[in-house]
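So the structure is just underneath, and the comments pick up after that.
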Amino acid sequence: MSSNRAPVTEFTKDTVIVVFGASGDLAKKKTFPALFGLFTEDLLPSNTSIIGYARSPIELEDFRKRISSYFKTPTPELEQKAKDFVALCTYVSGNYDKDESFLNLLSHVESIEEKHETKNRLFYLAVPPSVFLPVATQLKKHLHPGDSGVARVIVEKPFGHDLASSEELQKGLAPLWTEEEIFRIDHYLGKEMVKNILPFRFSNQFINAAWNKDNIANIQISFKEPFGTEGRGGYFNDIGIIRDVMQNHLLQVLCLIGMERPVSTNAEDIRDEKVKLLRAVQPLSMDDVILGQYGASEDGTKPAYVDDETVPKDSRAVTFAALHMQIHNERWEGVPFILRAGKALDQAKVEVRIQYKDAAKGMFNSLPRNELVIRIQPSESIYAKMNSKLPGYSTKNIVTDLDLTYHDRYEGIRIPEAYESLILDCIKGVHSNFVRDDELKVSWKIFTPLLHEIENNKDIVPEIYPYGSRAPESLPKFLSERNYRRGDTELYSWPVTKGQL
Ligand SMILES: NC(=O)C1=CN([C@@H]2O[C@H](COP(=O)(O)OP(=O)(O)OC[C@H]3O[C@@H](n4cnc5c(N)ncnc54)[C@H](OP(=O)(O)O)[C@@H]3O)[C@@H](O)[C@H]2O)C=CC1
Ligand SMILES: O=C1O[C@H](COP(=O)(O)O)[C@@H](O)[C@H](O)[C@H]1O
């Protein structure tokens, strides 16, 4: 729980990292490339060894080829680095619930540690939720170094399917691993722009002073993907977009946007404030939502969600949702927070759009509202849309912007991948960007009634929107009923290639 201030121990040397589920997609696409990224930046502890662990029998050379298939090595130096990195990696095959498999892993770890002075063990669980507890149990039984070292476990989402299952998982885990040892990863917390939200809010007085219900009309946090569930339709059917990205990634962004100033940058102070905010969020009901599912594209080239062979034809799975979140506290009473997320939409974009209230009339008839946009991806940027006089003899007002596009402003700076940044935090023992147990509980409390209602009430049918469209047709009305005013875009344009990488 909250506010314990245990000293943070950084792994600076002699570290063994074991990646469970090493034959899987996440390990190949994210975990190993992130470890390689840290290696190329010299950010792994000295004497680090990495062990891949999974059930599949894989020859070492094949394993090394497999994990390096997603490395980016555009220069000979990086190619050499990739060779040096894979030389640190070995592979152990075994079951996820058998003592002998874990004893075999232990002897491999101990053979590496013969040359070490300390035992620093980091276990990365890139495994499906069904084997999560067996692995955590076996690790505690056989590979926790006790008082002779430090162990940490990185856990991947999903952290449960609803409030009850999440609590069940936590009940199984809590006697084995302390909160200090657990790092629940939400990779959005490792994204550069997400990490910038608190510094941006609290270090700029002119931003901070107007961050409240007196000045802000509404806040939208949007996630758009231009592709459907291709290949994952069956898996997605039980999950839906709300569990997939909203209960976790977008809610974390909402916390950072909405929370009060933490008293320090200490992980517990930050997470205490997140929990306080979440406790002020009203649980969702059907009055607060739009649900959608993508159909075939208008030109017929892209399939509908239900065209996926692994999806039942009468599936009611939700691939788009807009949720109106209400925060009942002094700062935000009456300000709609709208979370929007969808697959198979017109573009790839994740952003926070803060729309300010109307300026006073009188001197002006009707002005577009100011907007502050925090673009999380692609092309990280922050821009403020504001009104200004058209230069020259005209007295006309136009919309213009103050623009901080990272790619233009910080040329040459490497922005780490989210997973790199989070694994490094874990190596350092810093929990600020990981999800705490009580955070999880309050977040499920907000979403569970709605999720159960959608699942149990067969009359709730998502609105079909065409693959590649902006959103379901009912979205503009939903937004305008929640005080969002779309400005006149005629006089405002932006060179489409600017800031694109
Ligand atoms: N630094 C940078 O990168 C900067 C980039 N720009 C770019 O300039 C362009 C304009 O910026 P901005 O005005 O912020 O963004 P947009 O005009 O793309 O979007 C403004 C808002 O209106 C919504 N919207 C877009 N099209 C419609 C529509 N047809 N009907 C109803 N609502 C709609 C958007 O939602 P939805 O997403 O659902 O379509 C969004 O919430 C964008 O391409 C932006 O990326 C501008 C300034 C700086
Ligand atoms: O967790 C998930 O996130 C990805 C989106 O992550 P991003 O870093 O590419 O924005 C999403 O595609 C996936 O469905 C979901 O499980």
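Note that ligands are numbered from 1 as they come in the structure, with each ligand's atoms numbered from 1 the same way. Values reported hereafter were calculated over all heavy atoms of this structure, with side chains retained and with hydrogens, waters and symmetry mates removed.
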Query raised in the report: Against heavy atoms of K191, which atoms of ligand 2 measure under 4.0 Å?
Result: 7 (P), 8 (O), 10 (O)

Query raised in the report: Under 4.0 Å from any heavy atom of H187, which atoms of ligand 2 are there?
Result: 1 (O), 3 (O), 6 (O), 7 (P), 8 (O)

Query raised in the report: Does the side chain of Y465 pick up a donor-acceptor pair with the side chain of T319 at under 3.5 Å?
Result: yes

Requested in this report: Count the heavy atoms belonging to other residues, nucleotides or ligands that lie under 6.0 Å from NZ of K441, then report whether that count exceeds 12.
Outcome: no

Report task. Taking only heavy atoms of K157 into account, list the atoms of ligand 2 that are under 4.0 Å away from them. Result -> 1 (O), 2 (C), 15 (C), 16 (O)

Query raised in the report: Do other residues, nucleotides or ligands put more than 12 heavy atoms under 6.0 Å from K477 NZ?
Result: no

Query raised in the report: Going by the order shown, which atoms of ligand 2 are within less than 4.0 Å of some heavy atom of R232?
Result: 13 (C), 14 (O), 16 (O)

**Report entry** Exam field: side chain Y305 to backbone N237, donor-acceptor pair closer than 3.5 Å
**Finding:** yes

Report task. Please report which non-hydrogen protein atom sits nearest to atom 4 (C) of ligand 2, along with the residue it belongs to and the distance in Å to one decimal place. Result -> E225 OE2, 4.0 Å

Requested in this report: Heavy-atom contacts with K343 under 4.0 Å: which atoms of ligand 2 show up? List them by number with element.
Outcome: 11 (C), 12 (O), 13 (C), 14 (O)

Query raised in the report: Going by atom types alone, do R369 and N483 pair a side-chain donor with an acceptor below 3.5 Å?
Result: yes

Query raised in the report: In terms of residue, atom name and distance, what is the protein heavy atom nearest to atom 2 (C) of ligand 2?
Result: H249 NE2, 3.4 Å

Requested in this report: Compute the centroid of each ring, for F63 and then for F32, and state whether the two points are separated by less than 6.0 Å.
Outcome: yes

Query - Min heavy-atom dist V350 to ligand 2 below 4.0 Å - result: no

Query raised in the report: Taking everything shown except K28 itself, do over 12 heavy atoms lie less than 6.0 Å from its NZ?
Result: yes

Query raised in the report: Short list, please: which atoms of ligand 2 are under 4.0 Å from a heavy atom of D244?
Result: 13 (C), 14 (O), 15 (C), 16 (O)

Report task. Could you list the atoms of ligand 2 found under 4.0 angstrom from a heavy atom of Q377? Result -> 7 (P), 10 (O)

**Report entry** Minimum-distance protein heavy atom relative to atom 10 (O) of ligand 2
**Finding:** Y188 OH, 2.4 Å

Query raised in the report: So is F236 in contact with ligand 2, going by heavy-atom distances below 4.0 Å?
Result: no

Query raised in the report: Is the number of heavy atoms from other residues, nucleotides or ligands within 6.0 Å of CD (E298) greater than 12?
Result: no

